[in-house]
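Proteins get letters first, then strands, A, B, ... in listed order; numbering begins at 1 in each. Since the structure is predicted, the reported quantities are computational estimates derived from the model, not experimental observations. Computation of the quantities below employed the complete heavy-atom set of this structure, encompassing side-chain atoms and omitting hydrogens, waters and symmetry-equivalent molecules.
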Amino acid sequence: VGLWNSMISGCVLNRRGEQALELFKGMKKEGVEANLSTFASVFSACASLGVLENGKQVHTQACKEGVVNDMIVASILIDMYSKCGSLGDACKFFSELQNYDTILLNSMITVYSNCGRIEEARCIFDTMPSRSLISWNSMIVGYSHNGFFLEALELFSEMRRQGCRIDNVSLASIMSTCASSCSLRLGEQIFALAIGIGLESDQIISTSLMNLYCKCGDVMEGRRVFNEMEKFDEVPWNAILMGYAINGYGTEVLQLFEDMRSTGVSLNETTFIGVLSGCGHCGMVEEGRKWFYAMKDIYHIEPTIEHYSCVIDLFARAGCLEEAMVLIDKMPFEAD
RNA sequence: GCAGCUAGCGGAUA
């Protein structure tokens, strides 16, 4: 068992989830009994792959082994359902549990927030025996993502009043709250706090600052931050791209997108949302059509409903109604 | 001193 477990958890650590599941199958074929660690790794693999059905099957097996009573396995399971977008299953499983620890309850704060059940998230937060930094951060993010900006800010103040440790995640989250609510001055004050604890060059703080400027309409200032910051991943690129897009700078969107491709920055769904919405704001039909198809054909990124929405909107506004209708029919989702 | 939880970018909309 030990050898199998090491191999499986090794795969998970190296993001080879598929391999981990293969190994798990092989292990069963050989008649080796899975234990706690095995299930823990397998659920993590399912979580990172987002394979719900697989995860459910293994969950059933784990129940027979009685393994789901383990706190860590239980948290991973909740996290797995959460990452697979199956929030109902997460809630159901949670309701069957008897014992909870801080980490498990933190996961549930996130689950409830992600289903919009913010009151229940807050209830867990209020009644949990002890709260970690992540509990506070999760609750703040929950409020923010659900549009409860004042509540997020209030909780952040409470955090400071109580003298809790504040980290880059806390600050970036609250700066994002400020950006969403166009609170430029407040956002800058939060950034000042970040400087005070030595986080002025922190990547996620810089990204948040840039986003703050962009959302508040000052793309030039956003660009200045972008130019000066260190960029370890594609997120800052997407943020400035989106900044250009929402402010109607179409040529800058295409230029930046070209820079991304020539620099070898990885492109993701968000990148294409930026590109397509930029084309939309500026009526660039040809470019929009081209990139919509290219994202699938060349970059192998499946268009989501957001992408369809951008491009359908683009066609409709440009007067290409038939093309828009055809696309609506071809959409693999329900129109919302 | 490593099994589990949070983060920054994410469509259109009077």
Side-chain angles (χ1 to χ4, degrees), chain A residues 5-6 8-10 12-13 35-44 47 70-80 82-83 90 100-111 113-114 121 125 128 131-142 144-145 167-177 179-180 194 199 202-212 214-215 222 226 229 231-246 268-281 303-314 316-317 335-336:
Chain A
N5 282 349
S6 318
I8 295 178
S9 70
V12 176
L13 286 176
N35 63 16
L36 282 182
S37 313
T38 321
F39 283 109
S41 301
V42 172
F43 290 138
S44 301
D70 179 81
M71 189 79 71
I72 294 181
V73 172
S75 331
I76 303 179
L77 251 172
I78 289 182
D79 188 47
M80 179 192 82
S82 171
K83 299 247 157 73
Y100 326 100
D101 68 359
T102 304
I103 294 186
L104 192 146
L105 291 171
N106 288 345
S107 303
M108 280 312 296
I109 291 178
T110 301
V111 167
S113 301
N114 290 344
F125 180 83
M128 62 200 293
R131 284 176 276 280
S132 65
L133 172 62
I134 293 185
S135 317
W136 288 89
N137 290 348
S138 304
M139 193 65 230
I140 289 176
V141 169
S144 187
H145 286 177
D167 68 358
N168 56 345
V169 173
S170 328
L171 293 164
S173 304
I174 216 69
M175 284 171 71
S176 162
T177 305
S180 306
L199 291 174
D202 183 273
Q203 163 130 237
I204 77 168
I205 294 289
S206 304
T207 305
S208 303
L209 181 67
M210 176 174 84
N211 182 48
L212 176 74
C214 289
K215 285 288 165 14
F226 175 82
M229 71 183 286
K231 296 171 273 290
F232 298 115
D233 61 19
E234 74 280 15
V235 176
W237 293 86
N238 288 341
I240 190 71
L241 186 75
M242 208 61 216
Y244 283 135
I246 62 180
N268 64 16
E269 298 87 348
T270 307
T271 314
F272 284 94
I273 291 175
V275 172
L276 296 175
S277 111
C279 293
H281 281 95
T304 65
I305 193 159
E306 286 88 351
H307 300 101
Y308 276 94
S309 166
C310 288
V311 75
I312 288 169
D313 186 73
L314 170 64
R317 283 179 206 263
D336 62 1

Quiz: residues 271-280 of chain A side-chain donor-acceptor pairs under 3.5 angstrom, not counting sequence neighbours:
from: A/Thr271; atom 1: OG1; to: A/Asn238; atom 2: OD1; distance (Å): 2.8
from: A/Thr271; atom 1: OG1; to: A/Asn268; atom 2: N; distance (Å): 2.9
from: A/Thr271; atom 1: OG1; to: A/Asn268; atom 2: O; distance (Å): 3.4
from: A/Thr271; atom 1: OG1; to: A/Asn268; atom 2: OD1; distance (Å): 3.1

**Report entry** Nearest-0.5 Å distance, CG of residue A/Leu77 to OG of residue A/Ser44
**Finding:**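 Those atoms lie 9.5 Å apart.
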Query - Inter-residue atom distance A/Leu133.CG - A/Asp167.CG, 0.5 Å rounding - result: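 It comes to 4.0 Å.
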Mind calculating the distance between [atom1] ([X]) and [atom2] ([N]) to the nearest angstrom?
X        : N    : atom1 : atom2 : result
A/Trp136 : B/U6 : CH2   : P     : 19 Å
A/Ile78  : B/C5 : CD1   : P     : 12 Å
A/Ile72  : B/G4 : CD1   : P     : 8 Å
A/Ile205 : B/A7 : CD1   : P     : 14 Å
A/Leu171 : B/U6 : CG    : C1'   : 14 Å
A/Ile140 : B/A7 : CD1   : P     : 12 Å
A/Ile76  : B/A3 : CD1   : P     : 10 Å
A/Asn106 : B/A7 : CG    : P     : 11 Å

Base, sugar-phosphate or nothing for [X]? Non-hydrogen atoms, less than 4.0 Å.
X        : answer
A/Asn168 : nothing
A/Lys231 : nothing
A/Met139 : nothing

Report task. Spell out protein contact along nucleotides 9-14 of chain B as letters: B when the base is contacted, S when just the sugar-phosphate is, - when no protein heavy atom is under 4.0 Å; keep the 5' to 3' order. Result -> BBBSS-
Query raised in the report: Within the side chain of A/Ser9, is there an N or O that forms a donor-acceptor pair under 3.5 Å with the backbone of A/Asn5?
Result: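 Side chain of A/Ser9 to backbone of A/Asn5, a donor-acceptor pair under 3.5 Å: yes, one is there.
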Query raised in the report: Do any N or O atoms from the side chain of A/Ser309 and from the backbone of A/Ile305 form a donor-acceptor pair under 3.5 angstrom?
Result: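 Not at all, since once roles are kept as given, no pair shorter than 3.5 Å links the two residues.
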Requested in this report: Could you pull out the closest heavy-atom pair between A/Met229 and A/Pro236, with the gap in Å?
Outcome: CE-CG, 3.7 Å
Query raised in the report: At their closest point, which heavy atom of A/Arg131 faces which heavy atom of A/Phe125, and how far apart are they?
Result: NH1-O, 2.5 Å
Report task. Name the closest nucleotide to the A/Asp233 side chain, picking from B/U6, B/G8, B/A3. Result -> B/G8
